[in-house]
Amino acid sequence: MKVLWHVNVELPMAQIDIPYEKRQAMGGWLTGLAGVLSKNPEIELTIISPLEHKSHYCRQVNGVRFIGYYNHNINKYNSNLTDYFKRILKKLSPDVIHIMGTEFPHCLSMVEACEACGVLDKTVISIQGLVHKCADNMLNDLPWHVAYLPSLRDIFRRNTPYLQSLDFRRKGVRYEIPALRKVKYVIGRTDWDRECVMKINPSIRYFHNDEILRDSFYDDKWSLDKVERHSIFITQAGYPLKGFHIFIKALSIIKHKYPDVKVYVAGNTALRLNRPWFMLGRYDRYCLSLIKKNDLRDNIIFTGMLQEKEMCERFLKTHVFVLPSNIENSSNSLGEAMLLGVPSVAADVGGNGAFIESGRDGLLYPSGDYERMAKYIADIFSDSGMAKSISKRGLERSNSNHDKNTICDDLWRAYNSILQID
């Protein structure tokens, strides 16, 4: 079976010309899935991805063919891509075309190419995030002036939270929803994404398929005896959708009881760079003002981007993982935390409830309720029995959710169903 994937980012395993420590850290779950699929002798896998630099390549790595193409701005629709994808489809003649994610306009370009080549009946889209739903939740719990009034930096970058929400909505209405209306098959992993997709296209056939996570997270296990007590890990804080501003309010409560609390924040954020006030966006200014107001500067450490092993090590040292996002479908960070056994606290939004039964294998709080978030974090800090119980049950559930063999078998069955093979 010849399978063609289109993914949103160049996968780390394809970046053979870049030192490992400098490879981008995104797309790890796709690397895991590709690695397992490539071992199936019945599958010939090709992966296409956009490149930020002006170059193309076709290379073979560990039994997988990678094709990189230049796309100068993945956030804008490029009419030339449809013709390019048509040429790829005619040259490779894949049995299944699997589009990973609807977040960018190139998803629609690939769907249009499949339609033009008469292979829509062999095309499936995997739901990652849903940008039209992100637009609905971008401005949650933000003051009016933060959401709408730009800083000097925001003016130059056209990047206020409100403009970000408009951009998400534009991509959702113009590209994401039309793509989902055209295809016959979708792969998802939560009741939430299934419900969202069915509202857009009630006739679509839905396959459930969980995600394989990065290899390091299957090997190590969390132990309360080895953690930095009263430490918290957050994996993203770069824009309002990730809810860092809500978490800061919870942290101010936690600090009253645990003045030694330490928060490690991964990812790219302007707050890490110690920039002058005038060089910060309005949202970053707001977060910084909350940090200063509550005297939290010594409690928060911005780590920058972390590679796979660095991320794993940070999780293993963490007392509590927190996911304060305004919306999530299924967070890979949450999956990785639970797969290691790290006690996790998350907002009860989107598909999070598919991975946590609150009070048993994690704790879910109502979205925006920072007081409840603070209470749950403090409960884990103070109750070692609770921390160990949540760790054990979360690990058991995540082992089931992210079992490599089950996931590959489910995907293989989905491909065969699309091709109507018994």
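When reading the values below, keep in mind they use all heavy atoms of this one structure, side chains included, and skip hydrogens, waters and symmetry mates. As the structure is a computational prediction, the values presented were derived from the model and not from experiment.
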Test: side chain to side chain donor-acceptor pair (under 3.5 Å). Region: residues 94-105. Which pairs qualify, not counting sequence neighbours? Asn8-Glu103, His98-Ser126, His98-Tyr415, Thr102-Glu176, Glu103-Gln128
Salt bridge check: are Asp410 and Arg413 linked by an N-O gap of less than 4.0 Å? yes
Relative to each other, are the rings of His245 and Tyr286 parallel, tilted or perpendicular (30° and 60° limits)? tilted
If I take atom CE from residue Met138 and atom CG from residue Asp167, how far apart are they, to the nearest 0.5 angstrom? 8.5 Å
With sequence neighbours excluded, what pairs up with His319 under the ring pair (Phe, Tyr, Trp, His ring centres under 6.0 Å) test? Phe381
Side chains of Glu195 and Lys199: closer than 4.5 Å at any heavy-atom pair? yes
Tell me whether the rings of Phe247 and Phe244 are parallel (<30°), tilted (30 to 60°) or perpendicular (>60°). parallel
Check for a donor-acceptor pair, side chain of Arg282 on one end and backbone N or O of Pro150 on the other, with a separation under 3.5 Å. yes
Asp191 CG: over 12 foreign heavy atoms closer than 6.0 Å: no
Spacing of OG belonging to Ser344 relative to CZ belonging to Phe315, to within rounding of 0.5 Å: 7.5 Å
If you measure from the Lys or Arg side-chain nitrogens to the Asp or Glu carboxylate oxygens, is any gap between Asp215 and Lys404 under 4.0 Å? yes
Of Leu364, Val345, Ile356, Asn352, which meets side chain to side chain contact (heavy atoms under 4.5 Å, CB included) against Leu323? Asn352
Gap separating the CD1 atom of Ile246 from the OG atom of Ser367, nearest 0.5 angstrom: 5.5 Å
Write down the atom of Glu211, the atom of Tyr218, and the distance for their closest heavy-atom approach. O-OH, 4.4 Å
In plain terms, say whether Lys182 and Glu115 are close enough for a salt bridge, that is, a side-chain N and a carboxylate O under 4.0 Å apart. yes
Under the salt bridge (Lys or Arg N to Asp or Glu O under 4.0 Å) test, residues paired with Glu357 that sit two or more places apart: none
Glu396 and Lys392 ion-paired at < 4.0 Å: yes
Aromatic ring pairing Tyr69/His6, orientation class (parallel under 30°, perpendicular over 60°, tilted between): tilted
